[in-house]
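Since the structure is predicted, the reported quantities are computational estimates derived from the model, not experimental observations. Just so we're on the same page: letters track the sequence lines, and every chain starts at 1.
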Amino acid sequence: MTGHHNQELRARAAAVDAALTATYPAATCELSYRSPYELLVATILSAQCTDVRVNMVTPALFARFPDATALAGADRAELEELIRSTGFFRNKATSLLGMAQVVVERHGGQIPADMDALTALPGVGRKTANVVLGTAWGLATGVVVDTHVSRLSQRLGLTRERNAEKIERDLMALFPPSSWIDLSHRLILHGRRVCQARKPACDRCSLAAICPRIGV
DNA sequence: ATCCCGAGGG
DNA sequence: CCCTCTGGAT
């Protein structure tokens, strides 16, 4: 599978990486957190919710439940009320309680720093695990494929897949591991600021010259 | 009406 | 593969 098409894709990937790096030299996670525990909780809450909204509820949440041990013993109704405005609050409360209980039972109350242990936690999939491993520990285990990364990867012609794990495999094959963490943050930032789902601002997009405008 | 840093279940 | 879960913003 190293034909002409593959070379073209790699060249496209390198151009995307260069343009994003020039546009967002210091892109980083915009969820507020002070520890791996807080980042994991914030990331679980970020499903189908803006990070601005997540950052509105986490100060009170972390004050009330400062670590996994405290969260494991939380009253469900109180927890649901604290996170209600982030949406999917029943599912998220179930995930947070289950996650915290497993962290206490199997990891001594500390958030584990490896992919298998993280994805074994209730409510934690590859996207969330990649965020925590990459942002909290600088471990390049993969590319964070959320709604923005999915959309931009398709529009930029980096993948034709729809499934998040298949998209991640394509991106991992196209970009060097050393670029995965920053690339994730930059794609997400560009998706929020410029390449929005409904009305992409192609007129002020720094990637317009290399974008095939798939789906636009 | 559509989208937001998804995951679990059928 | 599909569906469901949810509130808030646009």
Problem set entry | Spacing between A:M99 atom CE and B:dA7 atom P, to the nearest angstrom | 13 Å
Exercise. For every nucleotide of nucleotides 2-10 of chain C, 5' to 3': is a protein heavy atom under 4.0 Å from its base (B), only from its sugar-phosphate (S), or from neither (-)?
Worked result: ---BBBSSB
For this session: Measure the distance from CG on A:N55 to P on B:dC5 and round it to the nearest whole Å.
Result: 11 Å
Seminar exercise, completed: Residues A:G142 and A:E168: closest non-hydrogen pair is CA-OE2, 3.3 Å
For this session: Remember a base hit wins even if backbone is also touched, and classify A:T43 as base, sugar-phosphate or nothing at under 4.0 Å, heavy atoms.
Result: nothing
Exercise. Is any side-chain N or O of A:T147 closer than 4.0 Å to OP1 or OP2 of B:dC4?
Worked result: yes
Exercise. side-chain contact (heavy atoms from CB on, under 4.5 Å) with A:S95: which residues, sequence neighbours excluded?
Worked result: A:I44
For this session: For C:dG8 versus B:dA7, give the span between their P atoms, rounded off to a whole number of Å.
Result: 22 Å
Problem set entry | Results of salt bridge (Lys or Arg N to Asp or Glu O under 4.0 Å) for A:R34 - residues two or more places apart only | A:E38
For this session: Can you tell me which residue pairs pass the salt bridge (charged side-chain N to carboxylate O under 4.0 Å, His left out) test with a partner in residues 85-98 of chain A, sequence neighbours excluded?
Result: none
Problem set entry | For atom CG of A:L45 and atom P of B:dG6, their distance in whole Å | 11 Å
Exercise. P atom, C:dC3 versus B:dC5: distance in rounded Å?
Worked result: 24 Å
Problem set entry | Sugar-phosphate, base or nothing in reach of A:K199, heavy atoms under 4.0 Å | nothing
Seminar exercise, completed: salt bridge (Lys or Arg N to Asp or Glu O under 4.0 Å) filter on A:E165, not counting sequence neighbours, yields none
Exercise. Between B:dC4 atom P and A:K127 atom NZ, what is the distance in whole Å?
Worked result: 12 Å
For this session: Please name all residues satisfying side-chain contact (heavy atoms from CB on, under 4.5 Å) with A:E78, sequence neighbours left out, ordered by chain then number.
Result: A:R64, A:F65, A:D75, A:L82
Between the protein and nucleotides 8-10 of chain B, are there any N/O to N/O pairs under 3.5 Å, and if so, what are the atom names and distances?
from: B:dG8; atom 1: OP1; to: A:G123; atom 2: N; distance (Å): 2.7

For this session: Starting from P on B:dG6, measure out to CG on A:L96 and report it in whole angstrom.
Result: 15 Å
Exercise. Hey, can you pull the residues of residues 17-35 of chain A with a non-hydrogen atom under 4.0 angstrom from DNA chain B?
Worked result: A:C29, A:E30
Seminar exercise, completed: Residues A:R186 and A:P25: closest non-hydrogen pair is NH2-O, 3.0 Å
Problem set entry | Any side-chain donor near an acceptor of the partner, A:R76 and A:T94, under 3.5 Å | yes
For this session: Please state how far atom CG in A:L187 lies from atom P in B:dC4, giving the value in whole angstrom units.
Result: 14 Å
Exercise. A:R160: what forms a salt bridge (Lys or Arg N to Asp or Glu O under 4.0 Å) with it, not counting sequence neighbours?
Worked result: none
For this session: Not counting sequence neighbours, which residues clear side-chain contact (heavy atoms from CB on, under 4.5 Å) with A:E30? List them please.
Result: A:D51, A:L189, A:R192, A:R193
For this session: Return the set of residues passing ring pair (Phe, Tyr, Trp, His ring centres under 6.0 Å) with A:Y24 (not counting sequence neighbours), or none when no residue passes.
Result: A:H190
Exercise. By side-chain contact (heavy atoms from CB on, under 4.5 Å), which residues pair with A:A208, not counting sequence neighbours?
Worked result: A:C205, A:R213
Exercise. When the distance from CG of A:L189 to P of B:dC5 is rounded to whole Å, what number comes out?
Worked result: 11 Å
